[in-house]
Amino acid sequence: MTTYFSTRSSNEPISFEAAVMKGLAPDGGLYIPTSIPKLPSDFLTKWADLSFAELAFEILSLYIPESEISRADLKELVTRSYSTFRSDEVTPVVELSKEKQLYLLELFHGPTYAFKDVALQFVGNLFEYFLTRKNVGKEGTDRDTLTVVGATSGDTGSAAIYGLRGKKDVSVFILYPTGRVSPIQEDQMTTVSDANVHTISVAGTFDDCQDIVKQVFGDAEFNAKHHVGAVNSINWARILAQITYYFHSFFQVQKKFGTSSAIKYSVPTGNFGDILAGFYARRMGLPIQELTIATNSNDILDRFLKTGSYSKSDGASAEVHATLSPAMDILVSSNFERFLWYVARENVASSDAEAGATLNKWMQSLKTDGVITVDAKVLGAAKSEFSSERVSDEQTLETIKDVFTNISKGYILDPHSSVGVTAALRKLEGTDSVYIALSTAHPAKFSDAVDQALKGLEGYNFERDVLPQEFKDFANKDKKKLFSKADVKEVESIIEEELAKEKKQ
Ligand SMILES: *Cc1c(COP(=O)(O)O)cnc(C)c1O
């Protein structure tokens, strides 16, 4: 039976439900399964024709004990989570170039047009499921509730809102910096009318928003009263939900396009959640030949794989660089800790507990010195799991243009997807491999970069060909938002007022 423990003290297993509802472990570590489940020996034939939801059910069944969620309930949860997607295939694969054997896995057909929907549509239903079960027979103030508080500079906020809108016993508060998210992203968040959804436009920066959220989490009294929760990318359920599309795309490429060569993946990477799901898929037994980390100029992972030094500073600065792919603008990749645990367990430690101690030491050193340095053996082990490519803004634009005019005439990539495609194109040079590049957002969400790459080219018309009708309709919809100074007390009092209003309804 699969249980979970923290990457920093790997000796006290807890249930799936506890790992999901807690999010972050009390020792600051992230939850991982105590062992990685293996696939049925005939999965390559048995699972090949399953739908996305059916595959998700099979995979999730291996990680969630039946004693925690019955198979009938799990099936219902999964089916409902993926019924909100605009594509029947949920995450379809398209062929970018037959000659180059380059395919694109479109992960942006969910409600907010970005890949985070794949996980958050499921996570929202999971939260509601666990709360509803706890609340059977309870009335009024006896009911367990969850107040999700998060900060966003763009995509995460809207995906969390769409995952949690209308969910019973859950309220969601998303803070964003006034005037510093794109108009489309703001419209996506503020046009959701459900009573349990609240957006707070904060007079400050994204860092101010994040600081306020951290302070809210650190406020013990507020927390005890309102049960503050998070849906950020370190939640195990998000990684788990993402494993499905590696299997699904693997089968699609073989069936739809008849490829028989070994399959490799290129993944535009920020916090390492997306590609980590690929690591788990491979460890389970899916024959992925190579996993390529594609970074923008926030390149801590690329530098690590080249030098063995996981360092906040790139030599010139220890600041986040603002790029054309903002959802990947990070200083450190929070989910990388999960991968480092496996590296420690298999190369340094002789028990799970020792691996936890090693991770604890490494993460302390990252906190105090801004760097983790590993030896050649550990670096070699990391390199056997991942390759990496760093992609500049110039190259990002170049690839958007090259795909539109040459590689796959008329196809428009968003800048994040372009980072992944650029990495795949480099790796494909002079080989006969097959690459699946992951496409993480719809181009309409990042119109500035797309326009910069394509403006004036024959056949390019953003309004006509890129912008979905849903986005055009934002202009006629009511917007719901609250305003606050960058001040934790003010934000907390807004939250309390809004929760009181919700209770009256
Ligand atoms: C979040 C996000 C990413 C990065 O995913 P990670 O799991 O953080 O590596 C890439 N592209 C888009 C559009 C995103 O929203």
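Whatever order the structure lists them in is the order used to number ligands and atoms, beginning at 1. All residue numbers refer to positions in the sequence shown, counting from 1.
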Any salt bridge linking [X] with [Y]? Criterion: basic side-chain nitrogen under 4.0 Å from a carboxylate oxygen.
X	Y	value
Arg165	Asp194	yes
Glu186	Lys479	no
Glu394	Lys401	no

Please report which non-hydrogen protein atom sits nearest to [atom], along with the residue it belongs to and the distance in Å to one decimal place.
atom	answer
atom 4 (C) of ligand 1	Gly270 N, 3.7 Å
atom 12 (C) of ligand 1	Thr440 OG1, 3.4 Å
atom 7 (O) of ligand 1	Asp274 N, 2.9 Å

Main-chain N/O of [Y] paired with [X] side-chain donor or acceptor, under 3.5 Å:
X	Y	result
Lys256	Val94	no
Arg282	Glu385	yes
Arg303	Ser313	yes

I need the atoms of ligand 1 closer than 4.0 Å to a non-hydrogen atom of [X], numbered in the order shown.
X	result
Phe272	6 (P), 8 (O), 9 (O)
Thr269	9 (O)
Ala441	13 (C)
Asn271	6 (P), 8 (O), 9 (O)
Gly273	6 (P), 7 (O), 9 (O)
Asp155	13 (C), 15 (O)

Below 4.0 Å, non-hydrogen atoms only: which portion of Phe115 touches ligand 1? Side chain, backbone, both or neither.
side chain
Please test Lys22 against Asn235 for side chain to side chain donor-acceptor pair (under 3.5 Å), starting from the C-alpha separation and ending with a verdict.
CA-CA 8 Å; Lys22 279 188 184 159; Asn235 197 301; over 6 Å; no
side-chain hydrogen bond (donor to acceptor under 3.5 Å, both in side chains) partners of Glu17, counting only residues at least two apart
Arg133
Quick one: which of Lys445, His416, Lys116 has a heavy atom closest to atom 2 (C) of ligand 1?
Lys116
Quick one: does Ala327 get an N or O within less than 3.5 Å of an N or O on ligand 1?
no
